[in-house]
Amino acid sequence: MQSPAINQAMDILKLLRQVTEGQDEVPIKLAKITRIIAEKMEADAAACYVAVDDSYLELFSSFGFNDDVAHKVTIRYGEGLVGEVAKTNRSLAVADAWAHPKFSYKPELGEEEYKSFLGVPLVRWNRSIGVITLQNKQVHEYSRLEIEILETVAMVLSETVASEEMTEYKKDLIKARGLTTRERVKGLSLSKGYGLGKAVVHRRRQMVGKIFAEDKDGELHRLETAYKQMNEDLDKKFASTQLGIGEHVDILDTYRMFAKDKGWYKKIEDNVKSGLTAEAAVERAYEDMWNRLSGTNDQYLKERLHDLRDVADRLQSYLSGDFKEVSEISNWSDIIVVAQTMGPADLMDYDYHKIRGLIIEEGTPTMHVAIVAKALNIPVIAKIKGLFDEVKTGELIAIDGNEGYVYINPLPATQEKFKAKIAEKEKLLARLAELSKLPSKTLDGVRIGHYINVGLAFDLDYIESTNCDGVGLYRTEIPFMTSDVMPDVERQVGFYKELMDRAGKRKVIFRSLDVGSDKLLPYWSNMSEENPAIGWRSIRISLDRRAILRKQVRAFLRAAAGKELNVMFPMISDVSEFEEAKETLMIELDKEKRRNQPIPSKVNVGLMIEVPSIVFQLEDVLKQADFISIGTNDLAQFTFACDRGNPRLTERYDVLSAPFLKMMGDIVAKANAAGVYCSVCGEMASNPVEAMVLLGLGYRNLSSSGASYGRVKSMIRSVNIEEVTDYVKTLLKSQKRTLRPQLLAYAYDHGIEIY
């Protein structure tokens, strides 16, 4: 049975469809649409505001207000009731608008007689592209039913406002006002490099053409088919794509878990059963989630909303068949992807070997697709408003990721300059590849243990291609996160043994299960917390659910039979936690011996230094640990009380500051004095200038990401340990917020390669 809101909205949308499919020009269509909405909802006035750029909206059509007022009223985001709706992306119903503190009087409208106000955002890509409003002359409490009707209408109207027809209309307005198109534009660089290729405009989202279902069973079948095909294709795509290791791997795996979330899928099914088409049901399920969670200040939840938006758009594309369109450009050898926004999996829809650049209108440094693109050495530029609508697929684009410039249809001379820069970059990559044949040894002959971090199965290829000294960190949580059920001992043995076999005689360090926070397991429930980064996660889960830890260490022991086994425990905040975890491992080792099972030739037990409290217990730790490894990501986050995923804090705190470097220096000094193996496996070991400082502090073992291994090795082979050690010591007395400028200058002055 269909809800009353859907029945009433259906009547309005039938009339709107007749208007949008007509031959009238855009201004006439908008005027008719506004009038229909007002009359059908028994309002005295209505208005449609459209975003002109990222700072203000313009009145494009109205009913009930002064005549000829279109394009004469502008409102900034956040200004008045309309601006508040646009800024917050939330509907706003006010019984007496004049009494509301946000009310802003616009005399051009002639709204003196109107009291009540209802505004609903026109949303696309989580951003308001307009606002539709209703007003009545009497004080009126808008009901939930009225709000739902207008929200349903707005869902369709937003697609009309974002249509190509509307885009051309807005362009004509810009030209009429004396503005010109752009040839070279400046944006924000998110990933350095140069690219030249044909533009491919990424249009993932499709207009929801039909809102109400005529055949519910048929819609449910379409939904089930699209959902199943989407997940099967994602599994194949991620299994065949070699992306290296690092944060981008976590992002893609989290994306896949969202795609398989049964609770979200159930909400979509319920929407179809209420009378919506599959496409409208997906959109409605997302909007409901957005309305509940968009007001939160929790960065983790906000990132999850973006992930859910991306997955919803992908499911929409499978329902419409749009996902097949990318094959049309398969014969192009060089492409520049241009998007308003896009999810990390969307990048994998293209042959990423052919992608020479990525331009995202609404991108940020922490945006997931930007992180994945950076891992693939693809230059990325963001924050160029309007470019998505201006560029056409097939146009030639040049992208300068170093300076943040985009060239549209560049002149021949400009093209030649870019080709020269790209050739220079290719020579550098070839040189880095040659380094694999050479040892990780400094100019003054100091041998550095240089390892790689491993997550997924295809990361194992880096063991041979980099000729590394071994695996400094095997992130065992990745197989758990990509499984539909908890992997049993036998399955875990398979994962770990494959790594041991591929590594041969090289050193391998296993990290026990590190889940919780932003690493969720799809088959565990009730793990949501207000502050997950410092909540029930990592070793805390393993010790509380001891059976999981026992099974995992048993799998370690069996996979390493006859070889040396190195196991470290993450996020240890107290010596007693390490003692408990180590004891669990030793008990399982004794059990294997009693069963006459093959056991490792040697077992070394260590821990990760990630929590500041354990730094103050380091002397006691070093008496019991065979080795330690510093996870600089969490250690810096907890030391500075700074969420590393918060873009507002990205530039405020730096690991290259004297306080943090002093702590890092103290750790390695104590480890060396105790004769305990010490390494760094966090992001500092994957950044050449930061790795250079680690060498100066006394570290001789680094574990880098596969994508950055060559650059770090190049730095190692061009640095003099004795000289950089003396220089770093002089900087540790500095009171400056960051020492990065001085360290970069030192590297350039001394010919140290920090590409």
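Side chains are part of it too, since the values below use all heavy atoms of this structure and drop only hydrogens, waters and symmetry mates.
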Might you confirm whether atom NZ of Lys192 has over 12 heavy atoms from other residues, nucleotides or ligands at distances under 6.0 Å? no
- Query: For Glu579, does the CD atom have more than 12 heavy-atom neighbours from other residues, nucleotides or ligands under 6.0 Å away?
  - Reply: yes
Exceeds 12 heavy-atom contacts within 6.0 angstrom, atom NZ of Lys736:
no
Mutual orientation of the aromatic rings belonging to Phe418 and Tyr407 [parallel < 30°, tilted 30-60°, perpendicular > 60°] = perpendicular
Check: Honestly, is Lys507 close enough over Tyr677, meaning NZ or CZ under 6.0 Å from the six-membered ring centre and within 45° of the axis?
Finding: yes
dist Asp620:CG -> Asp574:CG (nearest 0.5 Å) comes out at 10.0 Å
Donor-acceptor under 3.5 Å (Lys563 side chain, Met500 main chain)
yes
Contacts satisfying side-chain hydrogen bond (donor to acceptor under 3.5 Å, both in side chains) that involve residues 656-674 (not counting sequence neighbours) are Glu619-Lys670
Those residues at least two apart in sequence (or on a different chain) that pass side-chain hydrogen bond (donor to acceptor under 3.5 Å, both in side chains) with Ser542 are none
Does Arg740 come within less than 4.0 Å of Glu690, counting only side-chain N to carboxylate O? yes
Indicate yes or no for a side-chain donor-acceptor contact from Glu424 to the backbone of Ala420 under 3.5 Å, with no hydrogens or angles considered. no
NZ/NE/NH1/NH2 to OD/OE distance under 4.0 Å, Glu464 and Arg502: yes
message = Any non-hydrogen side-chain atom of Leu513 less than 4.5 Å from a side-chain atom of Ile541?
response = no
Across all chains, not counting sequence neighbours, the side-chain hydrogen bond (donor to acceptor under 3.5 Å, both in side chains) partners of Tyr194 are Asn402
Check: Phe556 and Thr476 side chains under 4.5 Å, non-hydrogen atoms: yes
Exactly one of Thr466, Ile716, Asn701 clears side chain to side chain contact (heavy atoms under 4.5 Å, CB included) with His450, and that residue is Ile716
*With a 4.5 Å limit on heavy-atom distance, are the side chains of Asp654 and Phe660 in contact?*
no
Between the OG1 atom in Thr584 and the CD atom in Gln552, the distance rounded to the nearest 0.5 Å is 11.5 Å
Worksheet item: Quick check: does any side chain N or O of Lys383 sit under 3.5 Å from a backbone N or O of Glu361, one acting as donor and the other as acceptor?
Response: no
**Request:** Output yes when Lys419 and Glu416 qualify as a salt bridge under the 4.0 Å nitrogen-oxygen rule, no when they do not.
**Result:** yes
Strictly distance-based, threshold 3.5 Å: is any side-chain N or O of Glu683 a donor or acceptor partner for the main-chain N or O of Asn633? no
Margin query: Using only atom types and a distance under 3.5 Å, with no angle test, would you say the side chain of Ser189 pairs donor to acceptor with the backbone of Glu403?
Written below: no
Run the side-chain contact (heavy atoms from CB on, under 4.5 Å) test on Val680 and Met664 for me, step by step, so that the C-alpha distance in whole Å, both residues' side-chain angles and the decisive distance to 0.1 Å come before the verdict. CA-CA 10 Å; Val680 176; Met664 292 293 293; 4.1 Å; yes
Under 3.5 Å, is there a donor-acceptor pair linking the side chains of Glu753 and Ser714? yes
| query | Does the salt bridge (charged side-chain N to carboxylate O under 4.0 Å, His left out) test come out yes or no for Lys186 and Asp400, once each step is laid out? | reply | CA-CA 10 Å; Lys186 184 74 166 66; Asp400 179 353; over 6 Å; no
| Side chains of Val567 and Asn604: does their closest heavy-atom pair fall under 4.5 Å? | no
Exercise. Mark yes or no for whether Asp514, through its side chain, and Pro570, through its backbone, hold a donor-acceptor pair below 3.5 Å.
Key: no
Here the gap from Asp626 atom CG to Asn566 atom CG, rounded to the nearest 0.5 Å, amounts to 8.5 Å
CD1 (Ile452) and OG (Ser704) are apart, to the nearest 0.5 Å, by 9.5 Å
